[in-house]
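The structure appears right after this line, and notes come after that.
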Protein chains: 2
Amino acid sequence: MLEALEASDGFLSAQQLHATLREQGQRVGLATVYNRLRILADTHQVDVLRTESGEALYRRCGAQGHHHHLRCRRCGSVQEVESAEVEAWAHSLAKKAGFSDISHTIEITGLCEKCHG
Amino acid sequence: MLEALEASDGFLSAQQLHATLREQGQRVGLATVYNRLRILADTHQVDVLRTESGEALYRRCGAQGHHHHLRCRRCGSVQEVESAEVEAWAHSLAKKAGFSDISHTIEITGLCEKCHG
DNA sequence: CAGATAATGAGAACGGTTACAATTTGGTAT
DNA sequence: ATACCAAATTGTAACCGTTCTCATTATCTG
Ligand SMILES: [Mn+2]
Ligand SMILES: [Mn+2]
Ligand SMILES: [Zn+2]
Ligand SMILES: [Zn+2]
């Protein structure tokens, strides 16, 4: 299952992943895919993001720590992104406002070179 | 409808907004709330964000241009946030990677002073 | 092998959202 | 005022991704 995720270069939905596994001949139920994905997400072994339409997308990330993504809206290809400055900015901003238990999400999207046109 | 959104200090779901309007005595259908919210969102008169669970939340924002939010996960209270540096960072990063039609989302969340405990 | 325990998965249920057909509303012409 | 038409509104059904249920299957343990 992790391997199938790893094989894909972009984010996959639970249902796409399920379809992929079935095509490979694995007899796995959709419920199991959801259950396992939840565990993987809870233990930070995969990243989760939400489409504009609310669907959850999953990806096995190369970077293991906290990071963000630059993603093509058309083909789904993803590059990982990080910036200590931006991390510091987000955290200190929230702290100054009296917030605790601070987290943040940053997603940069666009059309990649291939998909542009 | 916009007034009801404005009266709330945080983000509201479509169903919360519907309930609020009904409590105020307005006889409005849920479908209409969804339809009007969609129009308001399409014309950038309200901001939309997605909960971790996928639910859409709407807010009439004070700032009219592009900006981001610092939001309390518990009570939903929101402060608006912007940073020219971070905007520039996101855009130039994507541009360097060959992306066009670039956009981004940034959401900072935590527990506000009141809710911390 | 027997029994206990955990993982699995088909299908039902759920919750937010959207589509649709029917009704109401509002305006315009007669 | 009345007839007519177009647009807005509405309840309800359908939709879709996700979660729950629980019977079945696999895995462990002695
Ligand atoms: Mn990643
Ligand atoms: Mn805002
Ligand atoms: Zn692309
Ligand atoms: Zn709070």
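Chain identifiers are assigned alphabetically (A, B, ...) following the order of the sequence lines, protein sequences preceding nucleic acid strands; residue numbering begins at 1 within each chain. Predicted model only: the values in this text are computed from it and were never measured.
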*Looking only at side-chain N and O atoms, does B:Tyr34 come under 4.0 Å of OP1 or OP2 in C:dT17?*
yes
*Measure from CE on A:Met1 to C1' on C:dT8 and round the result to the nearest Å.*
13 Å
*Does B:Thr51 reach the main-chain N or O of B:Ser53 with its side chain, forming a donor-acceptor pair under 3.5 Å?*
no
*Contact class for A:Asn35 (heavy atom, under 4.0 Å): base, sugar-phosphate, or nothing?*
nothing
*Rounded to the nearest 0.5 Å, how far does CD of B:Glu85 lie from CH2 of A:Trp89?*
9.5 Å
*asked:* In this structure, is the centre-to-centre distance between the rings of B:His66 and B:His104 below 6.0 Å?
replied: yes
*Whole angstrom is fine here: how far is it from CZ in A:Arg38 over to C1' in C:dT8?*
15 Å
*Hey, do the aromatic rings of B:His18 and B:Tyr34 have their centres closer than 6.0 Å?*
no
_Counting only side-chain heavy atoms from C-beta out, which of D:dT18, C:dG9, C:dA10 sits nearest to A:Thr32?_
C:dG9
*Choosing from C:dT17, D:dT19, D:dT10, which nucleotide comes nearest the side chain of B:Ala31?*
D:dT10
*Between D:dT18 (P) and A:Leu17 (CG): distance, integer Å*: 12 Å
*Within the pair B:Gln15 and C:dG15, is there a side-chain N or O less than 4.0 Å away from OP1 or OP2?*
no
*Between C:dT17 (P) and B:Leu30 (CG): distance, integer Å*: 9 Å
*Counting just side-chain N and O atoms, does B:Arg36 come under 4.0 Å of either OP1 or OP2 of D:dT9?*
yes
*How close or far is atom C1' of C:dT8 from atom CD1 of A:Ile39, stated in whole angstroms?*
12 Å
